[in-house]
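Notes for the one structure printed next.
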Number of protein chains: 4
Amino acid sequence: MPVEPDPTRRSHESWRAILDATFELLEEGGYESVTMGAIAARAGVGRQTLYRWWPSKAAVVFEVFLDKTNIGPFLAGGEDFPTQLRAFAHGFRTLYVEGPAGTRLRELTGAAQTDPDLARAMAEQWFEPRRAPVRQALQEAQKAGVVRIDIAPDTALDLVFAPMHYRLLVSGGPVDAEYVDAIVDLALAALAPGATPA
Amino acid sequence: MPVEPDPTRRSHESWRAILDATFELLEEGGYESVTMGAIAARAGVGRQTLYRWWPSKAAVVFEVFLDKTNIGPFLAGGEDFPTQLRAFAHGFRTLYVEGPAGTRLRELTGAAQTDPDLARAMAEQWFEPRRAPVRQALQEAQKAGVVRIDIAPDTALDLVFAPMHYRLLVSGGPVDAEYVDAIVDLALAALAPGATPA
Amino acid sequence: MPVEPDPTRRSHESWRAILDATFELLEEGGYESVTMGAIAARAGVGRQTLYRWWPSKAAVVFEVFLDKTNIGPFLAGGEDFPTQLRAFAHGFRTLYVEGPAGTRLRELTGAAQTDPDLARAMAEQWFEPRRAPVRQALQEAQKAGVVRIDIAPDTALDLVFAPMHYRLLVSGGPVDAEYVDAIVDLALAALAPGATPA
Amino acid sequence: MPVEPDPTRRSHESWRAILDATFELLEEGGYESVTMGAIAARAGVGRQTLYRWWPSKAAVVFEVFLDKTNIGPFLAGGEDFPTQLRAFAHGFRTLYVEGPAGTRLRELTGAAQTDPDLARAMAEQWFEPRRAPVRQALQEAQKAGVVRIDIAPDTALDLVFAPMHYRLLVSGGPVDAEYVDAIVDLALAALAPGATPA
DNA sequence: ACCTAACCGAGACGGTACGTCCTGTCTTCTG
DNA sequence: CAGAAGACAGGACGTACCGTCTCGGTTAGGT
């Protein structure tokens with residue numbers, strides 16, 4: 001049984017240096033170019049220190065990703081659900097889909113396909129925290145009768161989350177503001193209380 | 001100057017042995033356990049023969065994936081669009097989402113996040129051939145007035161394709177028949193000619 | 001500036017535990033398997049405590065060797081030189097050449113080839129104390145005219161000490177009682193006052 | 001079961017570069033400073049190539065030692081045994097006891113104390129080839145009645161070989177020409193047909 | 001009865017070397 | 001003469017130790 005090291009013994013300087021070094025390496029050459037050895041060398045840290053706190057380079061990169069991007073988007077309160085949802089979707093796109101954050105998200109999600117630990121960590125620490133507030137608002141909207149009650153909340157959420165991730169990871173299609181608007185429109189249409197199939 | 005190998009010289013026995021060996025290795029240990037060396041050894045083939053015809057293990061695995069799965073789903077003719085779409089979605093789920101094919105699809109899509117050549121090959125040879133017939137049927141349904149005309153076809157397609165891939169690749173949620181039904185229902189509701197947002 | 005540790009503060013329990021742990025590790029896996037970390041862990045002692053009192057694992061192992069073997073052989077008084085020499089040689093063989101002590105002696109002498117500090121310590125604290133009484137007896141025998149006077153004492157001593165160490169360290173040949181007898185016979189023949197070359 | 005690589009496939013350039021690099025590293029920093037990684041880097045060779053042909057750095061260094069020193073000493077023919085023996089002993093001292101060769105011999109013999117494979121290789125490929133011609137000459141001298149017949153040849157050989165190795169490896173005493181002469185004198189005295197103990 | 005200084009166990013730290021694995025190229029021998 | 005076999009340079013991996021360091025806790029005088 002692996003002994004969990006006492007986090008209070010952890011050297012803050014090393015931890016910071018490791019995250020910074022990893023960030024720089026990611027910016028310079030992308031995920032593939034990052035290696036445990038390169039991180040250690042850049043950070044001026046022993047290789048073993050890396051392995052003491054992270055099981056793999058994927059874990060380090062994920063922590064950097066969390067460290068740099070754990071800033072939203074937040075759900076605006078005091079607005080109606082459609083407005084909230086649209087604002088959230090645009091915020092998500094701005095923060096995570098384009099630019100380096102999008103590339104990191106693609107690379108990490110890619111690595112997670114063959115790394116169950118990473119997949120679990122990302123699900124718990126990244127994806128779920130972003131779905132949770134929207135789920136909450138959705139369920140309130142359902143109770144208020146603004147959204148169909150006969151849809152499982154997670155299925156409804158997928159209508160907005162899935163297309164953005166799908167274009168990012170699979171189809172490579174553009175995820176611009178127009179696309180986000182269209183997706184939100186379609187989701188709201190599908191979720192309208194009296195909606196019926198074509 | 002790299003000489004382009006003459007495809008007519010390609011040995012069918014070797015080609016077959018390589019694909020079979022790769023398939024076996026995938027079944028036995030998954031994508032991570034496959035290496036060019038292991039394929040060559042298992043196939044009784046020289047390493048160079050592999051590199052002559054494929055640039056990377058991803059390319060070999062993708063060819064195996066194509067070889068084993070290039071069998072549908074097909075779009076039923078002579079039925080109305082909702083019926084066609086639903087049947088297609090269930091067919092897709094059955095063939096590619098669960099079982100080994102789903103695992104291969106996840107692994108390859110994962111690898112494609114850091115391998116642009118693989119990403120392009122998969123888009124052209126796998127994803128697009130599956131979207132194309134549905135796009136065709138959708139556009140005919142739009143012309144027939146059965147589906148809203150004001151939606152870009154690829155955006156509309158995403159309503160069905162995205163959720164299945166999202167659960168497979170990102171959320172890890174179940175992709176069962178109920179989910180597929182729900183997604184198709186919601187897509188059709190969103191695409192109904194008179195649909196309006198919540 | 002390195003402060004010299006105060007020897008009076010030395011914990012006897014730790015010292016004992018370290019020597020015992022080292023001895024056990026040597027018995028279990030030989031010199032190669034002993035590490036400073038393993039000694040500390042086995043002794044229930046901090047790593048730093050080891051380094052406070054010994055500069056290297058070789059030094060610890062040598063102290064264990066001294067601790068366990070510093071018991072002779074002794075030179076019998078009141079006998080003639082040939083008898084003394086023969087008894088000493090057999091005693092040496094019994095105590096140090098065979099069994100674990102012989103293995104330790106081999107390993108330490110081996111390590112001393114690339115560790116001058118260890119080499120010096122062994123020469124002063126182990127080899128010389130064993131040569132000294134024999135040298136003393138030899139010199140008395142020379143004065144008494146029983147042994148040739150024209151041979152440097154250390155050269156004469158080598159006639160007995162060298163063959164046993166040579167077989168132990170270099171040739172791997174047997175160092176049994178017959179060999180010791182033969183060596184002592186030859187040495188005495190060479191050292192006889194009237195001896196002349198072949 | 002480890003597959004023995006086919007020696008005919010061995011790259012002569014790499015082999016030469018490895019031996020030369022190892023020799024240089026030995027000259028520069030001694031045995032301790034040599035590492036498999038440093039050899040590979042200096043030789044411009046892959047690490048795996050080293051491990052393909054040698055099991056350890058000790059094996060490489062031993063091969064370098066053989067390569068550089070496998071040049072004698074030779075036993076002069078047509079002379080009487082005492083003259084042959086003395087010339088051989090001086091030749092041995094000149095070639096192997098002083099200078100870098102002596103240091104290498106010490107380091108390798110040291111390493112052999114905890115490396116049985118090395119010990120065996122050295123015994124077979126280095127020590128025995130140097131003892132063999134002397135044993136041969138000794139046995140002829142015994143048949144000719146010039147040397148006592150009642151001494152095992154290997155015991156007799158030890159009278160000359162052991163003291164030189166003992167001073168080199170154990171006592172650190174000088175191994176100069178005077179010492180060699182004295183040792184040869186004593187050995188011959190001990191081996192004279194009519195020799196009797198003191 | 002309290003300081004205070006050195007000791008202690010524990011273990012994280014920066015490093016170095018290890019031996020293995022895999023990649024993509026090059027060479028040799030064989031059917 | 002095509003291709004199986006495998007050696008090659010290169011480089012990342014994860015592990016094992018090294019010797020130093022920092023952290024609290026304990027012990028032992030000296031006040």
Side-chain angles (χ1 to χ4, degrees), chain A residues 3 5-11 13-15 17 32-41 43-53 55-57, chain B residues 2 5-6 9-11 13-14 17 32-38 40-41 43-52 54-57, chain C residues 2-3 5-11 13-14 17 33-41 43-57, chain D residues 3 5-11 13-15 17 32-41 43-53 55-57:
Chain A
V3 176
D6 178 354
T8 66
R9 302 293 302 273
R10 193 164 174 164
S11 154
E13 290 79 28
S14 292
W15 177 76
E32 295 276 83
S33 79
V34 176
T35 67
M36 291 299 251
I39 295 171
V45 141
R47 206 188 249 310
Q48 196 67 243
T49 300
L50 251 64
Y51 286 104
R52 182 152 33 233
W53 302 107
S56 65
K57 95 169 182 185
Chain B
D6 176 354
R9 304 288 303 266
R10 190 160 172 166
S11 152
E13 291 79 29
S14 291
E32 296 275 82
S33 79
V34 176
T35 67
M36 293 298 251
V45 140
R47 239 169 176 17
Q48 201 62 253
T49 304
L50 248 67
Y51 285 105
R52 187 160 21 244
W54 294 276
S56 66
K57 96 169 182 184
Chain C
V3 177
D6 177 356
T8 67
R9 304 289 303 266
R10 189 161 174 167
S11 152
E13 291 79 29
S14 291
S33 78
V34 176
T35 68
M36 291 299 251
I39 295 171
V45 140
R47 236 174 188 359
Q48 199 62 255
T49 302
L50 249 67
Y51 285 105
R52 189 161 16 243
W53 304 111
W54 293 277
S56 66
K57 97 167 180 184
Chain D
V3 176
D6 177 353
T8 68
R9 304 291 302 273
R10 192 162 175 166
S11 153
E13 290 79 27
S14 292
W15 177 76
E32 296 275 82
S33 80
V34 176
T35 68
M36 292 298 250
I39 295 171
V45 141
R47 203 188 253 310
Q48 196 67 243
T49 300
L50 250 64
Y51 286 105
R52 185 154 29 234
W53 301 108
S56 65
K57 94 169 182 183

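So that the names make sense, note that chain A is the first sequence line, chain B the second, and so on, each numbered from 1.
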Contacts of A:Ser56 that satisfy side chain to side chain contact (heavy atoms under 4.5 Å, CB included) - sequence neighbours left out: A:Ala58, A:Ala59, A:Asp115
Phosphate OP1/OP2 of F:dG3 contacted by B:Ser14 side-chain N/O (<4.0 Å): no
Exercise: identify the closest heavy-atom pair between C:Trp54 and C:Met36: O-CE, 4.3 Å
Value rounded to 0.5 Å, distance of CZ in C:Arg52 from CZ in C:Arg47: 13.5 Å
Closest non-hydrogen atom pair between D:Glu32 and D:Lys57, with its separation: O-NZ, 3.9 Å
Protein-to-nucleotide contact annotation, 5' to 3' order, nucleotides 22-31 of chain E [B base; S sugar-phosphate only; - none; under 4.0 Å, heavy atom]: BBBBBB----
Residue met sooner reading DNA chain E from 5', once C:Gly46 and A:Gly46 are mapped to nucleotides: C:Gly46
Below 4.0 Å: OP1/OP2 of E:dC8 and any side-chain N or O of C:Arg52: yes
Those residues that, when tested against D:Ser11, pass side chain to side chain contact (heavy atoms under 4.5 Å, CB included) (two or more places apart): D:Glu13, D:Ser14
Selection from F:dA9, E:dA12, F:dA4 that lies nearest to any side-chain heavy atom of D:Val45: F:dA9
Residue-phosphate contact under 4.0 Å: C:Trp54 side-chain N/O, F:dC18 OP1/OP2: no
Closest heavy-atom pair and its distance - C:Ala17, C:Ala43: O-CB, 3.6 Å
Nucleotide nearest D:Thr49 (side chain, heavy atoms from C-beta), chosen from F:dA9, F:dA4, E:dC8: F:dA9
